[in-house]
Amino acid sequence: VDIFFCGHVHSYERQWPTVNNVPQKSYNNPRAPVYIVNGAGGNIEGVTKYNDDTPADWNVVHQSVWGLGELTVYNASHVHWEFYEADKQTLTDEMWLVKE
């Protein structure tokens, strides 16, 4: 498994591949899955508000926004992920995952 997608907390997060609690901080040939939590599609409860300004070491980004994501598979070794914030209609996060 290279990418694990889930949605639950009514917000958006992208994490580094993490091995033995140590973030790899690279998406080139990661040794662990990339976790993307995309719960930003909307919910009557509203978005989850983060209580801190500094994400955990394994979090690259966390956003309390509505939005949507798009995964593009370019070939057997390259995929591109994009997250768009709905209110601003802008790209707010992206990453390339490369497995060679």
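Each residue takes its place number in the sequence, starting with 1.
His80 NE2 to Glu70 CD: the interatomic distance, rounded to the nearest 0.5 Å, is 9.0 Å. Atoms CD and CD, from Gln15 and Gln24 in turn, are 14.0 Å apart once rounded to the nearest 0.5 Å.
Using a 3.5 Å distance cut-off with no hydrogens or angles, the side chains of Thr92 and Gln63 do pair a donor with an acceptor.
Taking both residues in full, the closest heavy atoms of Trp58 and Thr18 are given as CB-OG1, 3.5 Å, listed atom of the first, atom of the second, then distance. The heavy-atom pair separating Pro17 from Pro30 by the smallest distance is CG-CB, 3.5 Å.
Legend: residues meeting ring-ring contact (aromatic ring centres under 6.0 Å, His included) with Trp66, ordered by chain and number and at least two apart, are absent. Residues passing the side-chain contact (heavy atoms from CB on, under 4.5 Å) test with Asn20: none are found, sequence neighbours excluded. Partners of Lys25 according to the salt bridge (Lys or Arg N to Asp or Glu O under 4.0 Å) rule, which considers only residues two or more places apart in sequence or in another chain, do not exist here.
Remark: Asn28 CG is packed, more than 12 non-hydrogen atoms of other residues, nucleotides or ligands lying under 6.0 Å away.
Linking Ile, Leu, Val, Met, Phe, Trp and Tyr residues whenever their side-chain heavy atoms come within less than 4.5 Å leaves Val98 and Trp81 in two separate clusters. Criterion: ILVMFWY side-chain heavy atoms under 4.5 Å apart, direct or through other members. Under it, Phe5 and Phe83 are part of a common hydrophobic cluster. No continuous path of hydrophobic side-chain contacts links Val37 to Phe4 [ILVMFWY only; heavy atoms under 4.5 Å].
The side-chain contact (heavy atoms from CB on, under 4.5 Å) test with Glu13 is passed by exactly one of Asp93, Asn59, Ile36, Asn38: Asn59.
Between Trp96 and Tyr74, the angle of the ring planes lies from 30° to 60°, which puts this pair in the tilted group.
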